[in-house]
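Below is one structure; the comments refer to it alone.
Just so you know, these numbers use all the heavy atoms, side chains as well, and skip hydrogens, waters and symmetry mates.
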Amino acid sequence: MSEGIDPKAHSHFLALRNSAGDWAIEPSLAGIHCTALDATDFGTMAQHQAKVVWSPLSNLLLYGKTTDVAAARAAGLTIALGSDWSPSGSKNLLGELKAAKVVSAHFNLGFSDYDIVAMATRNPAAILKWDAKLGTIAKGKFADLLVVKGVTGDPYAHLIKTREQDIVLVTIGGRARYGTKKAMQQAGGSGEALKVGRNARVIDFTSPDQDPGIEKITLAEATTRLSAALGNLGTLQPHSIAMSAAIASGTVSRTGWRLALDEQFGNNVQLRPRLAYNGIRTGPDLAAVAAAAEPLHPIKLDGLTVADDPVFIDTLKSEPNLPQGLGAAIAAFY
């Protein structure tokens with residue numbers, strides 16, 4: 001919601017109020033980004049018991065500014081933390097914890113290490129109303145656990161400082177899904193071998209009740225396929241457009257799998273609401289989107305982790321939108 005920092009982005013929020021003065025905001029609303037909102041807007045959200053999802057690194061990389069989460073907190077809003085997506089943000093939520101700590105310190109936001117970890121655990125569980133089963137470690141809850149190296153010091157600061165290579169075990173619903181070979185064996189798990197940096201790990205993606213076609217694909221094979229597809233986008237683009245048109249016209253059925261490019265016309269962007277504010281429709285200009293079919297160029301698949309992406313840190317340090325020293329401060333955690 002209101003991703004961006006200009007009046008147009010702000011208008012997407014203001015358009016949620018109708019001519020009678022009623023707001024289309026319910027307690028179930030979790031506004032992702034809310035970068036264009038001010039203290040008054042957050043007061044309106046709090047009045048209607050809405051929530052906020054904060055993606056500080058992505059916001060700063062894209063706009064040079066991030067959400068006024070201090071105002072959101074002052075208004076009483078529950079705030080969760082999300083990494084947005086890897087093209088303009090952290091590779092994973094562990095990385096976003098580091099970004100949130102650095103951003104909080106840089107802008108004097110006042111979030112403690114506990115506050116930041118809560119944004120990635122108990123707060124999102126509460127926002128989704130899953131807090132009876134998730135978000136904290138307690139008897140009767142699902143054993144969704146992250147185990148990292150180290151047993152001393154403040155646990156919240158320790159988690160934020162933890163590197164990807166320091167993760168020992170991940171369990172979901174009590175089932176071992178990722179970790180060192182020893183930890184996986186001790187937890188009764190098994191799976192596919194991989195390396196994070198120079199560290200051997202085991203990962204288990206198996207889910208027999210899901211699509212059998214996906215079930216057969218290993219992480220290694222998926223990496224190979226994605227690398228090939230991204231490296232051949234120019235050739236695949238006409239095929240994808242033709243296939244989308246054929247599916248829309250009913251010429252072919254929706255069998256099999258295909259690549260759906262994010263935020264492209266034909267990928268349901270036309271279903272997004274275009275509420276009016278001051279007589280002007282907000283949301284995407286569908287005609288302009290449809291006409292902007294620029295040719296695609298090959299893309300190199302990023303490493304799955306920072307440890308496996310040698311250019312990530314150098315790129316982060318050189319990003320012009322980040323405040324001076326912020327990229328280096330995040331990089332220091334790695």
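- Atoms CD and OG1, on Glu3 and Thr67 in that order, are 9.0 Å from each other to the nearest 0.5 Å.
- Between Asp68 and Phe42 the shortest side-chain heavy-atom distance falls below 4.5 Å.
- Contact check on Arg122 versus Asp131 returns no salt bridge, with no Lys/Arg side-chain nitrogen under 4.0 Å from an Asp/Glu carboxylate oxygen.
- Residues Tyr156 and Ile160 fall within the same hydrophobic cluster, defined by Ile, Leu, Val, Met, Phe, Trp and Tyr side chains chained together at heavy-atom separations under 4.5 Å.
- Residues Tyr178 and Ile167 have side chains in contact (heavy-atom distance under 4.5 Å, counting atoms from C-beta outward).
- Looking at heavy atoms from C-beta onward, Leu145 lies out of side-chain contact with Leu169 at the 4.5 angstrom threshold.
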Intermediate values then yes/no, side chain to side chain contact (heavy atoms under 4.5 Å, CB included), Met45 and Leu77: CA-CA 8 Å; Met45 290 185 70; Leu77 291 172; 4.0 Å; yes
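- Other residues, nucleotides and ligands contribute over 12 non-hydrogen atoms within 6.0 Å of the CG atom of Leu29.
- Residue Leu134 is not grouped with residue Leu146 when hydrophobic side chains (ILVMFWY) are merged at heavy-atom distances under 4.5 angstrom, including chains of intermediate members.
- Within a 6.0 Å sphere centred on OH of Tyr334, other residues, nucleotides and ligands contribute more than 12 heavy atoms.
- To the nearest 0.5 Å, atoms CG (Leu326) and CG (Asn321) are separated by 11.5 Å.
- Between atom CG of residue Leu304 and atom CG of residue Leu219 there is a gap of 6.0 Å, rounded to the nearest 0.5 Å.
- Rounding to the nearest 0.5 Å gives a distance of 9.0 Å between OG1 of Thr121 and CG of Leu93.
- Considering only heavy atoms from C-beta on, Phe333 stays 4.5 Å or farther from Leu97 through its side chain.
- A salt bridge is absent between Lys161 and Asp166; no separation between the charged side-chain nitrogens and carboxylate oxygens falls under 4.0 Å.
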Trace of the side chain to side chain contact (heavy atoms under 4.5 Å, CB included) decision for Arg177 with Thr206: CA-CA 9 Å; Arg177 286 293 190 176; Thr206 58; 3.9 Å; yes
Side chain to side chain contact (heavy atoms under 4.5 Å, CB included) evaluation trace for Met1 with Leu37: CA-CA 9 Å; Met1 182 169 67; Leu37 304 193; 4.2 Å; yes
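- For Arg73, the CZ atom counts as densely surrounded, since its 6.0 Å shell holds more than 12 non-hydrogen atoms of other residues, nucleotides or ligands.
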Steps toward side chain to side chain contact (heavy atoms under 4.5 Å, CB included) verdict (Leu57, Leu316): CA-CA 10 Å; Leu57 182 57; Leu316 189 65; 4.0 Å; yes
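- Between Trp23 and Phe13, the distance from one ring center to the other falls under 6.0 angstrom.
- Residue Val102 is grouped with residue Tyr114 when hydrophobic side chains (ILVMFWY) are merged at heavy-atom distances under 4.5 angstrom, including chains of intermediate members.
- Contact of the Leu233 side chain with the Pro298 side chain is not registered, since no non-hydrogen atoms from C-beta on lie closer than 4.5 Å.
- Taking the salt bridge (Lys or Arg N to Asp or Glu O under 4.0 Å) definition, one finds that Lys91 meets it with Asp309, sequence neighbours left out.
- In terms of modelled atom types and a separation under 3.5 Å, the side chain of Ser55 and the main chain of Gly82 share a donor-acceptor contact.
- Taking Lys141 as the reference, Thr136 meet the side chain to side chain donor-acceptor pair (under 3.5 Å) condition, with sequence neighbours excluded.
- Taken from CD in Glu96 to OG in Ser83, the straight-line distance is 6.0 Å, to the nearest 0.5 Å.
- Nearest heavy atom pair, residue Thr162 against residue His158, reads OG1-O, 2.8 Å.
- If you take OG on Ser2 and CG on Leu16, they are separated by 7.5 Å, rounding to the nearest 0.5 Å.
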